[in-house]
Amino acid sequence: MPAGISFADAESSFSDADAVIFGIPYDRTTSFRAGSREAPGAVRRASYNFEVKHFEHLPLPDVRIHDFGDLDDHIFPEDMHEEIRFSLSPAIHDKKFTVAIGGEHSVTPPIVGCFDGVSVISVDAHLDSRDEFMGSPHSHACAMRRCADIVGTDNVFVLGVRSISEEELDRDDIIPHITSYEIMESGIDAAIRKALDSVRNERIYLTIDIDGVDPAFAPGTGTQEPFGLLPMDVKKIINAVGDRLAGMDVVEISPPYDHGGITSVLGARYIKEGVSIFAKHNLI
């Protein structure tokens, strides 16, 4: 991997690893506040804050983790897509659990394209379902529309939405979703059931846009939206996916706006949670 710090406890070789972590420092389509290209390093540093194993998941088997390092910081999204396919496909083909640290949400569709037969569940303040934004179909504002192009609209679901443009609603193929307002009323458990009942494919790719969490708990992001999910809600989502989890990413953390580093710490903890859930269901 490139020079620099690796994710905590990522001491395995690629060939021996059960899980592989990739940094994707891409934020060229960011539409408000850039800076998520700095997130992979910040999240890796934050990962040293935690115990190797979390007590609520014990007994937990050892999991061998490899940190692949960062992909190149490309200018054009098409080049970023090509490198993602080149870099992640071998790990996915070998059925390793893949974790990507963005970067912005535009990194998710090319990752999803490396999998066969997955559904996509997203945690996000935004529906991200425009056909194009600022002249690009590969904008982070189009991430779920591009995922739907790959897996079908009936295999995409977004949790925690509270920002949707009129153009995203004025169409027949609205991306299935539940708002944070509905979650506040009915609870996160009912929302998770709705998401799992909605998607068709058994295996699930989970993408966590950190702005899905209320900015009081995750201020370090490019496009803050008040009235968001609680951090514990997202932990419950990760746990509920359980043995259906094929891979995951954490995106849109922007360290320049993350005073005190609390958003990077939360992102690192979500990654630890995902790896723990993978190990619990696949390595015992």
Side-chain angles (χ1 to χ4, degrees), residues 1 4-12 14 16-25 36 38-70 88 91 96-103 107-108 111 121-123 159 188 192 204-213 217-218 220-221 229-253 255 258 260-284:
M1 65 175 286
I5 193 168
S6 63
F7 199 88
D9 309 308
E11 300 174 351
S12 174
F14 179 88
D16 292 336
D18 304 303
V20 183
I21 294 173
F22 299 83
I24 310 178
S36 60
E38 299 178 26
V43 171
R44 287 184 176 106
R45 290 189 292 273
S47 70
Y48 287 83
N49 182 62
F50 305 110
E51 297 286 349
V52 175
K53 297 180 181 181
H54 298 294
F55 74 92
E56 68 268 30
H57 295 303
L58 296 175
L60 190 68
D62 292 333
V63 54
R64 296 169 296 183
I65 305 171
H66 175 74
D67 191 330
F68 185 88
D70 285 354
L88 273 69
K96 300 179 188 295
F97 182 67
T98 58
V99 180
I101 312 171
V107 308
T108 299
I111 299 173
I121 291 181
S122 176
V123 175
L159 292 146
I188 190 63
I192 294 169
I204 290 170
Y205 184 86
L206 179 63
T207 174
I208 301 173
D209 184 327
I210 207 69
D211 68 29
V213 179
F217 302 99
T221 189
L229 301 183
L230 298 174
M232 184 63 78
D233 291 336
V234 180
K235 175 178 165 66
K236 287 184 176 181
I237 293 167
I238 298 169
N239 279 260
V241 172
D243 60 356
R244 298 176 64 176
L245 189 61
M248 68 179 291
D249 63 52
V250 178
V251 299
E252 298 285 356
I253 294 173
D258 189 22
I262 63 173
T263 314
S264 295
V265 167
L266 184 61
R269 183 62 176 81
Y270 286 152
I271 291 170
K272 293 274 290 182
E273 190 75 12
V275 171
S276 296
I277 290 302
F278 162 79
K280 195 171 186 177
H281 287 282
N282 293 277
L283 302 182
I284 292 179

> Which residues pass the salt bridge (charged side-chain N to carboxylate O under 4.0 Å, His left out) test with Lys53, sequence neighbours left out?
Replying inline: Asp62
>> Nearest 0.5 Å, please: how far is CG in Leu283 from OG in Ser276?
In response: 10.5 Å
> Any donor-acceptor pair under 3.5 Å linking the side chain of Ser6 with the backbone of Asp67?
Replying inline: no
>> Between Ile101 and Asp249, is the side chain to side chain contact (heavy atoms under 4.5 Å, CB included) condition met? List the steps.
In response: CA-CA 6 Å; Ile101 312 171; Asp249 63 52; over 6 Å; no
>> Give me the atom names and distance for the closest heavy-atom approach of Gly102 to Pro40.
In response: O-CD, 3.6 Å
> Can you name the nearest heavy-atom pair linking Gly274 to Leu245, along with the distance?
Replying inline: O-CD2, 4.1 Å
> Looking at Leu266 and Ala218, what are the two nearest heavy atoms and their distance?
Replying inline: CD2-CB, 4.2 Å
> Atom CG of Leu60 and atom CG of Leu58: how far apart are they, to the nearest 0.5 Å?
Replying inline: 6.5 Å
> Does any non-hydrogen side-chain atom of Ile253 lie less than 4.5 Å from one of Pro255?
Replying inline: yes
> Pick from Asp211, Thr207, Leu229: which one makes a side-chain contact (heavy atoms from CB on, under 4.5 Å) with Val123?
Replying inline: Leu229
>> To the closest 0.5 Å, what do you measure between OG1 (Thr221) and CD1 (Ile210)?
In response: 7.5 Å
> Listed by chain and number, what are the side chain to side chain donor-acceptor pair (under 3.5 Å) partners of Thr263, not counting sequence neighbours?
Replying inline: Asp258
>> Please check this pair: side chain of Asn239 against backbone of Lys235, looking for a donor-acceptor N/O pair closer than 3.5 Å.
In response: yes
> Can you name the residues that form a ring pair (Phe, Tyr, Trp, His ring centres under 6.0 Å) with Tyr270, not counting sequence neighbours?
Replying inline: none
> Does any N or O in the side chain of Arg64 come within less than 3.5 Å of the main-chain N or O of Asp18, such that one atom is a donor and the other an acceptor?
Replying inline: no
> Is a donor on one side and an acceptor on the other found under 3.5 Å between the side chain of His66 and the backbone of Ser12?
Replying inline: yes
>> Holding to side chain to side chain contact (heavy atoms under 4.5 Å, CB included), I want the full list of residues that pass it with Ile188, two or more places apart in sequence or in another chain.
In response: Ile183, Ala191, Ile192, Asp233, Lys236, Ile237
> Looking at OG of Ser47 and CD1 of Ile21, how far apart are the two atoms once the value is rounded to the nearest 0.5 Å?
Replying inline: 7.5 Å
> Is the side chain of Thr98 donor-acceptor paired with the backbone N or O of Val20 at a distance under 3.5 Å, no angle test?
Replying inline: no
> In Å and rounded to the nearest 0.5 Å, what is the CD1 to CZ distance from Ile65 to Phe7?
Replying inline: 7.0 Å
>> Checking Val43 against Ile271 for the side chain to side chain contact (heavy atoms under 4.5 Å, CB included) test, could you report, in this order, the C-alpha distance in whole Å, the side-chain angles of both residues, the deciding distance, and whether it holds?
In response: CA-CA 9 Å; Val43 171; Ile271 291 170; 3.9 Å; yes
> Does any non-hydrogen side-chain atom of Val213 lie less than 4.5 Å from one of Val234?
Replying inline: yes
>> Counting C-beta onward and ignoring hydrogens, is there a side-chain heavy-atom pair between Ile121 and Tyr205 closer than 4.5 Å?
In response: no
>> Going by ring-ring contact (aromatic ring centres under 6.0 Å, His included), name the pairs with one or both residues in residues 44-65, residues two or more places apart or in two chains.
In response: none
>> Please enumerate all residues that pass side chain to side chain contact (heavy atoms under 4.5 Å, CB included) together with Arg244, with sequence neighbours excluded.
In response: Leu196, Val199, Glu202, Ile204, Val241
>> Check for me whether Lys96 meets the cation-pi criterion with Phe278, that is, NZ or CZ under 6.0 Å from the six-membered ring centre and within 45 degrees of the ring axis.
In response: no
>> So Val99 and Val275, do their side chains get closer than 4.5 Å, heavy atoms only?
In response: yes
> Do Leu230 and Phe217 come within less than 4.5 Å of each other through their side chains, counting heavy atoms only?
Replying inline: yes
>> Can you tell me how far apart OG (Ser122) and CG (Asp209) are? Round to the nearest 0.5 Å.
In response: 6.5 Å
>> According to salt bridge (charged side-chain N to carboxylate O under 4.0 Å, His left out), who are the partners of Arg269, at least two apart in sequence or on a separate chain?
In response: Glu56, Glu273
